[in-house]
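Only one structure is covered here, and it is reproduced in the block below.
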Amino acid sequence: NLLQRMDTLNNDNPLSHVLLGGQTVLLEDIAEVRPELLALLVINNARGRLLLGPWYVPVDESLVSGESLIRNLLTARADTRQHGINLLNVAYLPDGAAHAAQLPQIVRGFGMDAVFMRYSGPVAHLPFRWQAPDGSSVLAMSHDFPDGQSDLDEQKAVEPDGPLLWMQSVTDNTAPPSGDGLPSTQSALSDYIKALRKSLPDALRPALHGELRLHTLRPHAYLLPGTLSTRVYLKQANARQQSQLTYVVEPLLAIALTHAKVPYPDNLRALLGHAWRALIRNQSRNHLGGCSSDTVHEANESRFHEVEDTSAYVVNQALKALHGETAVGARHVLPLQPDTTSEAETYIVVWNPHGRALKQVVEVELALPEGKHPAHLTAPDGDEKPFGWKRDDRRLSFLAEAPSVGYSTYTLRLSEKPTPEHLLTTTVESAFISSSFGETLAVEDEQLIWKRGDTTFPDVLRFFDGGDAVDAY
């Protein structure tokens with residue numbers, strides 16, 4: 001096995017440096033199956049002989065989001081800290097030749113300035129500078145397992161004075177070719193990168209910009225056939241869950257942790273981390289690509305359900321910690337229902353979980369006291385806000401503003417008088433929108449046209465009325 005081949009006492013030519021793989025998820029498997037091997041792994045890693053990472057699992061970058069890539073790298077770092085392992089400080093990208101344009105920017109954010117791809121092609125051995133749209137760049141290299149002397153010849157064609165790389169699979173006992181006139185030594189990948197930069201600085205190397213696709217003689221070989229379309233239901237589930245975690249679960253939990261008293265907050269943080277970890281495991285290249293066995297993909301579906309249930313629980317607990325009441329269905333959290341038992345007024349809190357200030361229409365269902373109706377809506381700055389009142393559904397809608405990762409509180413004054421007609425909203429099942437006054441909205445010549453009797457407003461989406469009758473368009 002691997003550790004036997006690395007034994008320096010019982011081997012004439014032991015493996016002095018081994019790149020165990022680009023993923024740290026195997027630490028979980030080793031800890032579960034052979035926990036005693038972890039100590040040997042940590043020892044050899046500390047000596048610089050055995051490296052792994054920097055990913056938790058390798059993924060197809062065309063099928064996951066940028067946030068998932070960042071979480072992937074963060075999860076790997078959490079695992080290596082737990083086990084006391086030094087992570088490979090090079091972005092190792094095995095078994096893939098299509099890479100996202102922002103990847104240099106992402107790995108730069110994690111302190112890596114080089115990427116290593118295991119891919120062969122006519123010009124694959126030429127080191128180059130790969131630059132992201134934001135200007136971030138890394139030194140990019142590509143080598144696959146060698147195919148005899150021809151591999152070294154291809155490298156010498158682009159790097160006559162070296163350094164040359166012979167990267168061999170641990171299952172291959174073939175000795176590297178000799179007689180090239182260059183000294184050879186077993187070394188770590190970082191030593192090879194230092195030698196490359198010593199021979200020619202990164203700034204003087206040719207540059208490629210944006211999305212990276214390394215071609216071979218086979219057309220479209222940078223795409224694994226069928227991985228973009230096979231088992232589409234897995235890709236759809238992944239898209240839903242990574243969006244839910246990114247834009248709903250974590251922002252709402254952040255708001256609850258910063259604006260409310262959350263019971264057992266560490267538990268919710270742990271559940272959020274568990275949900276991300278489970279989702280990323282489903283994003284491995286073969287799993288999300290749909291090219292494993294039916295049994296494997298059935299386990300993927302079960303894991304997606306686990307992520308969904310965990311996400312729903314964290315959201316529910318976060319909303320419970322905030323002011324207001326929530327109605328929770330089987331899987332979905334329903335809109336907040338403000339406490340409107342006051343006879344004079346009530347308050348509507350609009351939360352914004354996003355990292356930027358937002359201004360958009362919100363709609364909320366109100367449980368009003370008997371005989372009370374919405375009369376005036378006031379913004380936090382004291383200005384009166386126009387609103388719409390759907391009497392049958394008891395829903396209030398208005399244009400709200402809220403700061404990033406924060407909230408705004410609106411005051412709704414109540415009255416015994418019915419809400420004025422011009423504030424009522426209705427839904428009409430038709431090809432156009434209208435109200436009881438005879439107004440019509442229709443699309444003509446790609447413009448939204450408003451008509452009432454002989455009065456016409458063309459292109460109504462560009463029309464703004466700041467009149468004193470609380471009418472707004």
Side-chain angles (χ1 to χ4, degrees), residues 17 19-24 48 51-77 80 86-145 154-155 158-159 162-165 167 187-216 222-223 280 283 285:
H17 293 86
L19 178 57
L20 190 56
Q23 54 187 333
T24 63
L51 294 173
L52 74 163
W55 304 96
Y56 178 57
V57 296
V59 298
D60 186 337
E61 296 153 39
S62 62
L63 296 176
V64 301
S65 66
E67 181 66 23
S68 291
L69 292 175
I70 293 173
R71 294 286 173 173
N72 198 324
L73 292 166
L74 286 173
T75 303
R77 275 153 176 73
T80 52
N86 298 315
L87 201 61
L88 178 66
N89 199 35
V90 178
Y92 182 44
L93 305 172
D95 302 329
H99 302 288
Q102 283 77 20
L103 194 62
Q105 177 183 354
I106 292 175
V107 299
R108 272 285 189 177
F110 284 85
M112 292 178 280
D113 61 2
V115 299
F116 187 89
M117 294 163 281
R118 210 185 74 218
Y119 187 76
S120 60
V123 293
H125 295 297
L126 176 64
F128 59 93
R129 190 163 46 87
W130 181 17
Q131 185 168 316
D134 76 328
S136 304
S137 66
V138 293
L139 176 63
M141 303 144 283
S142 180
H143 293 275
D144 202 356
F145 294 137
E154 290 177 1
Q155 293 185 61
V158 295
E159 296 277 349
L164 309 182
L165 180 66
M167 185 181 68
S187 63
L189 184 58
S190 58
D191 297 326
Y192 172 69
I193 295 174
K194 290 178 182 178
L196 278 176
R197 286 177 164 146
K198 185 177 180 180
S199 66
L200 186 67
D202 291 2
L204 299 180
R205 294 191 179 274
L208 293 179
H209 302 265
E211 187 178 66
L212 184 61
R213 294 187 174 185
L214 301 178
H215 294 260
T216 66
Y222 54 86
L223 291 176
I280 295 170
Q283 293 177 339
R285 183 173 289 109

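Residue numbers start at 1 and run along the sequence shown. Please read all numbers here as calculations on a predicted model, not as lab measurements.
- Expressed to the nearest 0.5 Å, how far CD of Gln283 lies from CZ of Arg71 amounts to 12.0 Å.
- Nearest heavy-atom pair across Pro127 and Leu196 is CG-CD2, 3.8 Å.
- Smallest separation of non-hydrogen atoms from Ala140 and Met117: CB-CE, 3.9 Å.
- Atoms CD1 and CG, from Ile193 and Asp113 in turn, are 7.5 Å apart once rounded to the nearest 0.5 Å.
- The two atoms that bring Ile280 and Val57 nearest to each other are O-CG2, 3.3 Å, heavy atoms only.
- Of all heavy-atom pairs between Ala101 and Pro133, the closest is O-CD, 3.4 Å.
- Considering every non-hydrogen atom in both Met112 and Ala91, the closest pair reads SD-N, 3.6 Å.
- Remark: Arg205 pairs with Glu159 by the salt bridge (Lys or Arg N to Asp or Glu O under 4.0 Å) rule, at least two apart or across chains.
- In this structure, the side chains of Tyr56 and Gln23 stay at 4.5 Å or more apart for every pair of heavy atoms.
- Between Trp130 and Val107, every side-chain heavy-atom pair lies at or beyond the 4.5 Å cut-off.
- Side-chain contact between Arg77 and Pro54 is present, with at least one heavy-atom pair separated by less than 4.5 Å.
- The CG atom of Asn72 sits 10.5 Å away from atom OG of Ser65, with the distance rounded to the nearest 0.5 Å.
- Taking Tyr192 as the reference, His143 meet the ring-ring contact (aromatic ring centres under 6.0 Å, His included) condition, with sequence neighbours excluded.
- Sorted by first and then second residue, the side-chain hydrogen bond (donor to acceptor under 3.5 Å, both in side chains) pairs involving residues 101-112 (not counting sequence neighbours) form an empty list.
- Under the 4.5 Å side-chain criterion, counting only non-hydrogen atoms from C-beta, Val115 is not in contact with Pro104.
- Between Leu93 and Trp55, the closest side-chain pair of non-hydrogen atoms falls below 4.5 Å.
- One distance of note links CD of Glu67 with CD1 of Ile106; it measures 9.5 Å at 0.5 Å rounding.
- Looking at Pro206 and Leu126, their side chains come closer than 4.5 Å, going by heavy atoms from C-beta outward.
- In this structure, the side chain of Glu61 engages the main chain of Ala100 through a donor-acceptor pair within 3.5 Å.
- Rounded to the nearest 0.5 angstrom, Leu88 CG and Thr80 OG1 are separated by 11.0 Å.
- Between the CG atom of Leu165 and the CG atom of Leu189 there is a distance of 7.5 Å, given to the nearest 0.5 Å.
- Smallest separation of non-hydrogen atoms from Leu52 and Leu20: CB-CB, 4.1 Å.
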